[in-house]
Enquirer: 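After the C-alpha cells below, expect a handful of questions from me.
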Number of protein chains: 2
Amino acid sequence: MTSARSTRNGTPGEGVSRSASARAPERGIPEATIARLPVYLRALITLSERGIATCSSEELATAAGVNSAKLRKDLSYLGSYGTRGVGYDVEYLRYQIAREIGVTQDWPVVIVGIGNLGHALANYSGFSSRGFRIVALLDSDPARLGEKLGDMRIRGFDEIETLVEELDIAIGVIATPAVSAQDVCDRLVAAGVTSILNFAPTVLNVPAGVDVRKVDLSIELQILAYHEQRKALAFDGAVDIVEPPVDPRVVESA
Amino acid sequence: MTSARSTRNGTPGEGVSRSASARAPERGIPEATIARLPVYLRALITLSERGIATCSSEELATAAGVNSAKLRKDLSYLGSYGTRGVGYDVEYLRYQIAREIGVTQDWPVVIVGIGNLGHALANYSGFSSRGFRIVALLDSDPARLGEKLGDMRIRGFDEIETLVEELDIAIGVIATPAVSAQDVCDRLVAAGVTSILNFAPTVLNVPAGVDVRKVDLSIELQILAYHEQRKALAFDGAVDIVEPPVDPRVVESA
DNA sequence: AGGAGTTTGTGAACGTGAGAACAAACTGAG
DNA sequence: CTCAGTTTGTTCTCACGTTCACAAACTCCT
Ligand SMILES: NC(=O)c1ccc[n+]([C@@H]2O[C@H](COP(=O)([O-])OP(=O)(O)OC[C@H]3O[C@@H](n4cnc5c(N)ncnc54)[C@H](O)[C@@H]3O)[C@@H](O)[C@H]2O)c1
Ligand SMILES: NC(=O)c1ccc[n+]([C@@H]2O[C@H](COP(=O)([O-])OP(=O)(O)OC[C@H]3O[C@@H](n4cnc5c(N)ncnc54)[C@H](O)[C@@H]3O)[C@@H](O)[C@H]2O)c1
C-alpha cells in the first residue's frame, strides 16, 4: 500500500520541519474546525475581492455565517494571526488558512464515471480556483472513450494505475453508479489514491489511512423533509411538539 | 411569511394528533441521529432487495457503516421497534424510519438554475425512488426556456410564485451561480418555500423557520486536502506531528 | 502619558454526541 | 418449566463542540 508516498506537494519551508521547539500551534485541530476553515477562506476571498484589507472577527463571522466566538476559537487553533483592537489582515489570514488547509498549491484530482454528474463536475471551473486541478477523466464505457470535454479527453479506467503514479494523484472522485462504486474505490486505493470523494449512494469500505467523504443529495433532501414534516405537523395538530412542554405550574389554577 | 401553510402532506393517522398522553417517544430527536436515519433507511432497502427479512443491529450497523451501539441508540429515539434476542424486521423498520423522516409520500421539489449541474440533477432518477418528485425546472436565461428534459420543460423563474402555490412546493434546490443565489433564495422564501438545498458556494441568509442545507464540493475537497497534507507531512519531515507532543522532559539533557 | 474604546485570544460552563457495558426481554432446546 | 444463548434498549461515562464572558493587548484621542 506504500506505492505513492513519494514527496507529494508538502508545504515548503514555513517552520514545520523542527521536531519540538518554539511555539508549535499546529498540534491537533478539531474536525469541526477543519470543516469550517474552507468557509472562512471563501469569505476572506470575497472580502479581498471587494478591496477590504482588514476585518474584525464579527464581520468575518457574519460573512461566514457563524458565531464570532466560534470563529475566534477556530482561528486560535492555527495560531495568533489577529491584532487586538484592530482585527485580522484579510490577505495575511487568507494565506495562513490556505496554507493550513494545504491549498496554496494545486492538488491533482481524477474523476471516475463521466456520466450525468461526471460531466457537470468536469465542466465546472470552480475547482481550479480553489486549489484543485482535474487532471484525468475516466470511464469504463467504451462508447465514451475519447470524448472531449474542455481540454481533456475521457480515458479508460484501466489507465488508473499509470495515471496515479505519473501524475502523483492523491485525490479521487467517484461518480459511477452505486453498484460499481466499491470496485472503483478498491481499484483507486490499490493504485495509491488516499482520499476519495464519493457521490454514489453507498457506504465505501476502505483501509485505515484512506479518507472518504461522501456527498449524498438524497440524504440532504431527506433531512430537509424531516424538518419540513415537523413544521407541517406543528401547524396542523399537536402544537407543543416543537416547544418545550410548558411547566405545569403555570396552569395550576385550572 | 404564512402564505403556504395549507395542510401539506402531513403523515396521516399514526397517533401524533394527541396532545400529551400515552407514550410519546417523538419528543426531540438529535440532529446527528436524523442525519443518519437516511443511511439506515438505504441500508434497509438494500437488505430488503436481497430478500433478507430480519437483521440484527450488528448487521445493520455494518451495512450502514456505523457502530452498532450508536445504531441502537439512534433507533431507540423512534421507539422500540426491535425484538430482543431476535433483531429487527427489515420491512417494518424500513417503514417506521421512512415515516419518521417523512418520505412515505413524495415531496414535490423545484430546481432553480438548469445549467451544468441543474441538468444532471434533473436527469437523475435516484430522487424519485427516495421520496422526492422534481415537479419544476426554472431558469432565468431566455435561451433555455422551453428546452425539454425528460418529460419536463424548463420554465421561467418568474413562474415561481404560481408554481409553489399550485403544486404546494416546500423544497427548493438552488443550482445557479453564486452571485444569483441569495436573490433566488429570497424569492423562493417569499413564494413560500421553507426548505432549501443550496449548491452555490455562498452563505445564504434566511428568516427563522426556513431550513437551508448546503452541498459544497470545494469544501469537501479542501477537507480531504487538509488530511492529505498531514499524511504527506507525516512521511516527510516531522514524524511526531500526528502523535501527542511527547513531553519535553524526555529531551532534558540536550 | 493616560484613559477611553475596541477587539482578540482563551478559560470555564454548558450542551450534545459517542461508545462501553449491562440488565431486560426474547428464543429455542431439553 | 428451566436454562443457556442471543440481542435489544438504556444507563453511565467520557470526549468533543459551542458559547459566554473577560483579561490582555492594541489604537486613538486628548
Ligand atoms: N446525476 C445526479 O444528479 C446525481 C445526484 C445524486 C447522486 N448521483 C449519483 O452519482 C452517481 C453518478 O450519477 P450519474 O447520474 O452521473 O450516472 P450515469 O449513469 O449518468 O453515469 C455513470 C457513469 O459511470 C460509468 N461507469 C459505470 N461503471 C463504471 C466503472 N466500473 N468504472 C468506471 N466508470 C464506470 C458509466 O459508464 C457512466 O458513464 C450515481 O451513483 C448516482 O447515484 C447522481
Ligand atoms: N457544475 C458543477 O459540477 C458544480 C460543482 C460545484 C458547485 N457548483 C455550483 O453550482 C452552481 C451551478 O453550477 P453550474 O455549473 O450548473 O453553472 P451554470 O452556469 O452551468 O448554470 C447556472 C444556471 O443558472 C441560471 N441562472 C443564473 N441566474 C439565475 C437566476 N437569477 N434565476 C434563475 N436561474 C439563473 C443560468 O441561466 C444557468 O442556466 C454554481 O453556483 C456552482 O458554483 C457546480
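Convention: sequence-line order gives letters A, B, ...; per-chain numbering from 1.
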Enquirer: Can you pull out how bent the helix from C:dA1-D:dT30 to C:dG30-D:dC1 is, comparing the axes over its first five and last five pairs, to 10°?
Expert: 0°

Enquirer: List the residues meeting ring pair (Phe, Tyr, Trp, His ring centres under 6.0 Å) with B:Phe199, not counting sequence neighbours, and say none if there are none.
Expert: none

Enquirer: If every non-hydrogen atom of B:Ser218 is compared with every non-hydrogen atom of A:Phe132, which pair is closest and at what distance?
Expert: O-CE1, 4.2 Å

Enquirer: So which one's nearest nucleotide on DNA chain D is more toward 5', A:Thr83 or A:Asn67?
Expert: A:Asn67

Enquirer: Which heavy atom in A:Thr54 sits nearest to a heavy atom in A:Val90, and how many Å separate them?
Expert: N-CG2, 3.7 Å

Enquirer: Using whole Å, report how far CG of A:Leu93 lies from P of C:dT8.
Expert: 11 Å

Enquirer: For chain B and DNA chain D, what are the first and last nucleotides along the strand, 5' to 3', with at least one atom under 4.0 angstrom from a heavy atom of the protein chain?
Expert: D:dT6 to D:dC12

Enquirer: Drop me the distance from A:Asp211's CG to B:His227's NE2, to the nearest 0.5 angstrom.
Expert: 5.5 Å

Enquirer: Return the 5'-most residue of the pair A:Gly85, A:Gly82 with respect to DNA chain C, ranking by each residue's nearest nucleotide.
Expert: A:Gly85

Enquirer: Between B:Ser57 and A:Lys73, just flag the one whose closest nucleotide in DNA chain D comes earlier from the 5' side.
Expert: B:Ser57

Enquirer: Can you tell if the side chain of A:Tyr81 reaches within under 4.5 Å of the side chain of A:Leu75, non-hydrogen atoms only?
Expert: no

Enquirer: Taking all non-hydrogen atoms of both residues into account, name the closest pair between B:Pro207 and B:Val189 and its distance.
Expert: CG-CG1, 3.8 Å

Enquirer: Once you round it to whole Å, what is the distance between P of C:dA20 and CG of B:Leu71?
Expert: 14 Å

Enquirer: Quick one: closest heavy-atom pair of B:Trp107 and B:Gly102, and the distance?
Expert: NE1-O, 2.6 Å

Enquirer: Atom CD of A:Glu59 to atom P of C:dT6: distance rounded to whole Å?
Expert: 13 Å

Enquirer: Do A:Gln182 and A:Thr202 touch side chain to side chain, with heavy atoms closer than 4.5 Å?
Expert: no

Enquirer: Considering just the side-chain nitrogens and oxygens of A:Arg84, establish if one lies under 4.0 Å of OP1 or OP2 belonging to C:dT10.
Expert: no

Enquirer: Under 4.0 Å between a side-chain N or O of B:Lys70 and OP1 or OP2 of C:dA18?
Expert: yes

Enquirer: Taking any heavy-atom pair under 4.0 Å as a contact, classify B:Ala32: base, sugar-phosphate, or nothing.
Expert: sugar-phosphate

Enquirer: Quick one, B:Arg213 and B:Asn198 - any side-chain contact, counting heavy atoms below 4.5 Å?
Expert: no

Enquirer: Measure CG/A:Leu78 against C1'/C:dT10 and give the value in whole Å, please.
Expert: 15 Å

